[in-house]
Structures are given as structure tokens and as C-alpha cells.
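Reading through the C-alpha cells given below for one structure.
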Number of protein chains: 4
Amino acid sequence: MTQVGHNSNKPRAGGVAVDQLKSIIARVEKLEEEKKGIADDIKDVFAEARGNGWDVKAIRQILKIRKMDQSEREEAENILDTYMSALGMLPLFEEDGE
Amino acid sequence: MTQVGHNSNKPRAGGVAVDQLKSIIARVEKLEEEKKGIADDIKDVFAEARGNGWDVKAIRQILKIRKMDQSEREEAENILDTYMSALGMLPLFEEDGE
Amino acid sequence: MTQVGHNSNKPRAGGVAVDQLKSIIARVEKLEEEKKGIADDIKDVFAEARGNGWDVKAIRQILKIRKMDQSEREEAENILDTYMSALGMLPLFEEDGE
Amino acid sequence: MTQVGHNSNKPRAGGVAVDQLKSIIARVEKLEEEKKGIADDIKDVFAEARGNGWDVKAIRQILKIRKMDQSEREEAENILDTYMSALGMLPLFEEDGE
DNA sequence: CCCTGAGGCTTCGTAC
DNA sequence: GTACGAAGCCTCAGGG
């Protein structure tokens, strides 16, 4: 079996597929490395802030608030969409008797 | 090894532990059975509703809206708590010069 | 026959339909609440197990295996039923509901 | 020495502190945005892989294994460092940053 | 067959 | 430093 996935179709055969697989793995690992680097940068910022006397926990709270505010706005739009969608499909409670 | 978990401490030994394990499994399986029963009840309600001519998808939307509304309210309280917490810990931007 | 219960797509009109809709929503929400309660009970069991030193993840795996075994058994029974049906035989027993 | 940069718990007072706080928040939010962008890139790679017929779950397992191997290797290096440190030896090389 | 949504696993931050 | 709790990520099941 030249392919990795047990349950998958077997795309192409031989070296091409292997090269493709290696490429996928390399790209993901590179991206994850970058992601980790950024996470470390964030830690550095907090460490610097702490070193300057700031209450890091409080700053995290602020960031959380800002994030929640923004997601709340998005959620409100979501509710509106869902609501309109539901309205478009309902009997609409009309009192047309019969 | 009388215990299941590889990485766990090994609580007690012999038959008592086994009985306890069996009890845990039995309780969980019973509860999951009950849970599945309720899920089936819900399906029945929807099936009945569909049989009565209702647009089940629309009703699901309504339920979703009601759920979102309520979680939005809870989230608002969350924001308030978080905000108060942040306020309690911050320099408060006072302009007291020095 | 009233305005509900027939095959029309949308039971418009009248308080009865509204009441019926409210009933559907109430029943589903009640059932979902019960479902959540049971889910919480399951969490409690696991928490207690963890407190007693058990490896919860391993226990979950056991439960999963038991479930697979059981569904395989059910599958076997299904095959049996199919064969019996094909042979014009009646099921020997109804399962008693609890 | 200004009002920031010392060891006081709370750099109160003045616009400089506020500016510094704003800067911290902005930097963290920017970095988190970048982080999210990279996470999305990773998703894209997996989506493309899936589109080419690969078993994404299997690839994830490979990545996990490679990560474990690597951290075991790092652990081994850590042990080496520890030994060398205990022996009063200096590290042979610094890792070049990229 | 796709897609959304719930559930479980893992990691990171916090409190003791 | 250890253990608890929360947040993000991945998986899988159910519905459209």
C-alpha cells in the first residue's frame, strides 16, 4: 500500500503521492511553527507589560471584553438572520379564520 | 496490573476496585440510554409536528433563536462581571499627575 | 376536522395552531432540558470516578468498545431478522420495553 | 525614570501609561489576529489535502507522532544539557534563530 | 453528500 | 509546583 489513509481513496501512486504528502506535512509543520512563534510573541508582550508594572490579568480581562463585545455584535446579526429565516417559513399566525 | 488506566494512580486493589469500575460503567451506560431515549422523544415530537403540517425546520430555527436569546442574556451578565473585575484591578486611568 | 391535522403544508390561521406550536416548542424545550440534566449527571459520575483515581479517558474507551460490540451484536440480530423475514418466519420475541 | 518601568504594582497616572496600555492591547490583538490567520491557513492546507483524496485524520496522526518524536528528541537534548551543566561544561552551540 | 452543531480532548492560565 | 478550570481544536453524529 503506497497510501497513508486506510479509509481514503488512493490518489495517484508512487512517488508523486509521497511527494505530495511530504509537502502537506511540511507546510502544516511550518505553519504551526509560525503559529507557535506568534504565541510566544504574545507571551513576550505580556511579560514586558508585567515588567512595566501592569496587571496582566486585568489586561487579559480587557482583551476578553473587547472580544466579547465584538462577538456579541456578530451574534446579534446572526439572531437577526435566523429570525428572518424563521419568519419566512412560518404560518405567520395569520387570523384568516378559514 | 489490576487497574485500567495506564497513567493513573492505582486506587485500592483487587475486587473492590473492579466492582467500582463496573458500577461506574453501568451508571454511565444507564444514563446514556436515558439520554438517547429523550433524544428519541424529541424526534417523536418533531415527527408528530411534521405530520400536523408544521415546518419542522422553521420550528428548529425558533428554538435556536430562543436559545441564543437566553445565552445572549447570560453573556451580557458575563461581560458585566468581567468588566467589573477588570475595573477593580486596573490603574483606572486616573489623571492624578503624580 | 379542524385546520390542523390535515396534509396542508402550513396550518395557518387561528389560535389552535398557535397553541399547538407553543405546545411543540414547550415540549421540545422541556425534553432538551432533561437531556442536559442527564448529560450533567454523566459528568458527575466521571468527576467522581476521577476523584477516586480512575483514568476517565480509559473508561470512555471501554464504553466506546462496549458500544461497538453491542452495535455489532445488534447488526448480527438484524441479519438474523432479515434472514428470518426472507424465510417467512416470525420473530420469536418482541423486546419488552424496559 | 518615568512613571513606568519601575516595580510599582500599578502605573497610575497620566497619558503615558494609558498610551502604553493601548499599545499593549493593540499589539496583542494584532498578534492574535495573525495567529488566527495562520490557523486558517492550516485549515486551508487540510482542506486542499482532503480535496486531493488524502485522509486528513491519518495525516494529523502523523503530525502528532512527529511532534512526539521531536519533543522526545528535545527531552534527550535537555538531559544532555543538564548533564553538561552538571559537569560544568558549556553548550557547544547556540541555536540560530531561524 | 455537505454542513452545521454538540461532545470530547488538549493546552494554557490561575489559584493554592 | 500542582491541581483545577477555562478556551480552542478536532471529531463525529444528525439534519437539509
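Predicted model, so just to flag it, every value in this text is computed and none were measured. Proteins come first, then strands; the chains are lettered A, B, ... in the order of their sequence lines, and each starts at number 1.
- Counting only heavy atoms from C-beta on, Arg60(D) has its side chain closest to dC10(F) among dC10(F), dG14(F), dC9(F).
- Residue Lys64(B) is in sugar-phosphate contact alone, with no base atom involved, counting any heavy-atom pair closer than 4.0 Å across all strands shown.
- Ile59(D) places its CD1 atom 17 Å from the C1' atom of dC9(F), with the value rounded to the nearest Å.
- The listed nucleotides are dC9(F), dG14(F), dG13(E); the one nearest the side chain of Lys43(A) is dG13(E).
- Other residues, nucleotides and ligands contribute only 12 or fewer heavy atoms inside 6.0 Å of the OH atom of Tyr83(B).
- Residue Ile24(A) holds its CD1 atom at 11.0 Å from CG of Asp19(A), rounded to the nearest 0.5 Å.
- The 5' end of DNA chain E is approached more closely, in terms of each residue's nearest nucleotide, by Ile42(C) than by the other of Phe46(A) and Ile42(C).
- Taking atom CG of residue Asp55(A) and atom P of nucleotide dT14(E), one finds them 10 Å apart after rounding to whole Å.
- Look at CG on Leu63(A): it is 15 Å from C1' on dC12(E), rounded to the nearest Å.
- Regarding Ile38(A), its CD1 atom lies at a distance of 17 Å from the C1' atom of dC12(E), rounded to whole Å.
- Using a 4.0 Å cut-off between charged nitrogen and carboxylate oxygen, Asp69(A) and Arg73(A) do not count as a salt-bridge pair.
- Looking at which nucleotide of DNA chain F each of Val56(D) and Arg50(C) is closest to, the 5′-most match is held by Arg50(C).
- One can place CD of Glu32(C) at 15 Å from C1' of dG7(E), the figure rounded to the nearest angstrom.
- What separates NZ of Lys57(D) from P of dC12(F) is a distance of 4 Å, to the nearest Å.
- Taking a cutoff of 4.0 Å between a charged side-chain nitrogen and a carboxylate oxygen, Glu34(D) and Lys30(D) qualify as a salt bridge.
- Within the 4.0 angstrom heavy-atom criterion, no nucleotide atom of any strand lies near Lys35(D).
- Following rounding to the nearest Å, Met68(B) (CE) and dT4(E) (P) show an atom-to-atom distance of 14 Å.
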Kindly determine whether Glu33(D) and Glu29(D) satisfy side-chain contact (heavy atoms from CB on, under 4.5 Å), including the steps that lead there.
CA-CA 6 Å; Glu33(D) 206 172 339; Glu29(D) 286 184 341; 5.9 Å; no

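- As judged by a 4.0 angstrom heavy-atom cut-off over every strand, Lys36(C) is placed among residues making no nucleic acid contact.
- Per the geometry, CG belonging to Asp41(B) stands 17 Å off C1' belonging to dG14(F), to the nearest Å.
- Lys67(A) comes within 4.0 angstrom of the backbone, heavy atoms only, and of no base.
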